[in-house]
Structures are given as C-alpha cells and as structure tokens.
Amino acid sequence: MNHLTDEQFEDIMQGEVSPPAHLNRCKDCREHLVEKQAMAEKLRLAFRSVQADTALADRIRRQLNLTATVPQIAEHAERPWMHRLHRRLWSGLAAAAVLLAVLIPIGLYLTTASNASAAQAELVKIHQRNLKPHSEFYNSTDPEKLAEYFKNKLGFTPAFPCIGQGMSIRGCCVAHFRSRIVGSYVVDTPQGVISVIIVTDTPQSIGMTRMSEQTDHGHTFWSGSFARCNMVTVRLGDYSYCAVGEVPHEILAQLLSRLLP
Amino acid sequence: MADRSEFESIALEHLETVYRAAVALCGNRQDAEDLVQATFVKALERFDLFEAGTNCKAWLLQILRNTWIDRLRRQKFTEQALPIAEELIAEAPHRDETVWSNAQDLLENFSDQQVIKALSQLPDEQRLTLFLIDVEQFSQEQVAEITDVAVGTVKSRTSRARTALKKKLISYAKQMRLMGGEK
C-alpha cells in the first residue's frame, strides 16, 4: 500500500484536494494528518498572543513623518487652480514647466528623507553590532591605545569624552556607514551602553532634527530615534559625533557634552 | 510619487502581520521591531512600485523577507539561510517517524512562547514558509511569490519545517518529562 506523500499531505491541509480514499483505509496516514493539523493549529494559536507594541506603530509613524511635508505639498499641488492647470497641461509648455518645478523638489525631498531614515538604521545597526562580541572589536579602555587604533585605521584621532562618574570606555571598532569606513567607540554609562559613531555626514543629512539652540561653546545638538534606540549628534570640526543607545536623549547629550572642548 | 498618507492607510494596516512575521524570523521582539521599522521605511521608498489593488500584505512580507536576508548577509550569517544548505538537510521519510498518538493533548502542554521559540530555531526560509502557511494561512502560490521560489519548493519546505518543528517540540517534551524515549 502506497502511503500519502508529504506533498499530498500539504495539499490536503491547504484544502487544495479532497482527502483521497486511501485515508479511509490507512490509520497510519490518518494519524499523521491529525498530528500535522494539530501542530498547525497550535502554531497559529501561539501567534495570536504576539501583538505589536503600540509604541512601535508610533515610532514607525514618527519615522514616516520625516516625509510629513509631502502630503502638505501634494495637497498644495492639488488645489483647484492646480487641477485646472493640470487639465490644461497639454496645451502649454509653461504649465509643464510649473509642474516640473513642483515635482522635482518633492522627489528630491523624498529621496533625501528616505536616505536619512536608512542612515539612522545603519547607525543603530553599528551600535547593535558593537554590543555583541565580535573579532573586529578592539577591546581597550586606554584612550591612548584607542587613539592609536583610530589613527591607524582611519587616519585621524577622534575626540574622547572625559571619563568618570561611572562612565568608562569599553573599546572601539570600525564599521561601514553609507559605504564608507567610519569609527565608533563604546562607552559604558550607569544608564546603559552607548556607541559614539564618528561620521563625516552633517547631522541634517542623516535626518537628525535640531534638539537645542547653540550651547555656550557654539555647538548644536541634533536628535533622532530608530527602533528602540535614541540618537544625539553634535558636529565637531569636520566630523559628526553620533551617540546611539537605548537611553534618553538627555543622557546621550550629556555624554556628548563631555566631548566638547 | 509616494503619497505618505495613502501609504499609512494601505500599508500600516498590516503592521500586526508584518510584526508577527518578524517575530517568527528574529525570535525576539527587539530585533523584530527593528526589522519591522526598516521594512516600512523600505516599503515607503518603493511605494511607487506597489500596484494598487494587489495584495499589500504579501508585498510587505516580501520586503520584510528581503530586508531580513540583506541583514543576514551583512552579518555574515548567510550559511544559516542558504537554500542549498537547507535542501541538503536529510529528510527522513515520514514512515520512519513516530506519530504522536495524542498529539493534541501533548501540544496542550507547550506554552505559546515555547512553540514560537521552537519555530525560531528552524532554518530561516523554513520558518518563514511555515509561518506564512500555518499562521497567516496564505496559499502555497502566494508563499511561493513572497519567498521567490516554486510552489513545489514551498510544499517540500513546509513539510520539512513541520518535521523539524516536531523534533524541536519532542526535545522540549523530553526536557519537560512529558515524553520518555519516543523518537
């Protein structure tokens, strides 16, 4: 007697085919089918308890709000006079020029916003990778050795924060950000682990929003969030120092303020 | 041109499904949330390519899968996800398996978390396929489209996933002393 094949079982479970007569005769196959169905049901029920945190939806909406001006611009573009202009588009080159003048900046804006989101995601990935032990991570708490490491790998020495009050540097690493090699170091703080990633991009170009007016030292803090991580960035010379971690923005800003001359 | 408000109304409606699929892939909530967020960002970028009236949920899950694979590649964990490696896993004919005579009763003993954990230990493509078939109840054709393989592969992959999941649960059952020396 030929038993049912795995493929036939799958088709039966999908309701693709009627159960073949063999099932009536074969207890073995019937039991297999019952078992498979029971497991499928158990799996389905197990995921009923899995629900996204409401904060996740908010975070995603916030993230998408990076392009929040788009609907406003689109709405503006679809005002009645624009509708009329659109209808007459075929009749005049001038109308086409107006439309292009509106659409091109929107397109550029969208591209920039999307790139900014991707940049923040990359920063968070670098931070997450820093948290897991891996062979490329250089373990050292000695700022001089870390400076030497960066000098060799990147050709420059970044600023390090004044350590103390429960803060210590764990080590550093180089990583890829926007297809370029960048440096980062990890700081243990009483509030949590923070990565400081040094990039050449400006805070605006990586989608950060202004967090504060200029400090006494003439610096401005910029902030962002991705997944569970918060980010604060400050521009020092030719580099942006991005502090990333699952800690409040204020703690990140506090750490970065220790970098300031 | 991506319309953000349209995107929110069409795509965000499927957040729960995308999130559950991410949990199935990642095995933990934190990574799942990160993956979901990255998926929606990518989806917005590509929203121009989405054809109105088609299955948005399947489209999002396709992006989720691709994002997940990109991450695995970047993290140099590809060996866990290579389809070839998966195909090479010896599959014992079901005749050699022991059937749980009391499958439903036995399964009652496992918590949701244990079942999800067992699923998360399966090879990447197997767990996504089984999740899409059993939990989201997609058709084999839809899963083939989402996972970019032939329908026949979906069937064999689902079957292998069931066998692998059962093995994981048997191992839990033994640890919980729900089973003795049964295979």
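Any value given below was found using the heavy atoms of this structure, including those in side chains, with hydrogens, waters and symmetry copies removed. This structure is a prediction, so every number in the text was calculated from the model and none was measured. The chains referred to below are lettered A, B, ... by the order of the sequence lines, with proteins before strands, and numbering in each begins at 1.
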- Nearest atoms (heavy-atom pairs only) where B/V135 meets A/R44: O-CG, 3.9 Å
- What are the two closest heavy atoms between A/A46 and B/I116, and how far apart are they? O-CD1, 3.7 Å
Output the distance between atom [atom1] ([X]) and atom [atom2] ([Y]), rounded to the nearest 0.5 Å.
{"X": "A/E10", "Y": "B/R157", "atom1": "CD", "atom2": "CZ", "result": "13.0 Å"}
{"X": "A/L45", "Y": "B/F110", "atom1": "CG", "atom2": "CZ", "result": "14.5 Å"}
{"X": "B/D134", "Y": "A/M13", "atom1": "CG", "atom2": "CE", "result": "5.5 Å"}

- Message: Strictly below 4.0 Å, N to O, side chains only: are A/D6 and B/K155 in salt-bridge contact?
- Response: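 Looking at B/K155 together with A/D6, the answer is no, because their closest N to O distance does not fall below 4.0 Å.
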- Salt bridge check: are B/R162 and A/E35 linked by an N-O gap of less than 4.0 Å? no
- Task: May I ask you to list the residues in residues 137-145 of chain B that approach chain A closer than 4.5 angstrom, counting heavy atoms only, ordered by number?
- Result: B/Q137, B/F138, B/S139, B/Q140, B/E141
- Would you please go through residues 25-34 of chain B and name the residues with a non-hydrogen atom below 4.5 Å from one of chain A, in numerical order?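 Listed by number, the contacting residues are B/R29, B/Q30, B/E33, B/D34.
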Which atoms of [X] are under 4.5 Å from chain B, going by heavy atoms: the side chain, the backbone, both sets, or neither?
{"X": "A/Q128", "answer": "side chain"}
{"X": "A/Q8", "answer": "neither"}
{"X": "A/Q14", "answer": "side chain"}

- Looking at B/A22, B/A24, B/G152, which one has more heavy-atom pairs under 4.5 Å with chain A than the rest? B/A24
- Item | Short side-chain to backbone donor-acceptor contact, B/E16 and A/A52, under 3.5 Å |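 At least one qualifying donor-acceptor pair exists.
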- Message: Here's a test for you: under side-chain contact (heavy atoms from CB on, under 4.5 Å), which of B/L130, B/L107, B/D112 qualifies with A/L43?
- Response: B/L130
- Tell me, yes or no, whether the heavy-atom count around A/R180 atom CZ, taken from other residues, nucleotides or ligands under 6.0 Å, exceeds 12.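 Check passes, neighbour count above 12.
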- Query: Are side-chain heavy atoms of B/R71 and A/K125 found at a separation under 4.5 Å?
  - Reply: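 A side-chain contact under 4.5 Å exists here.
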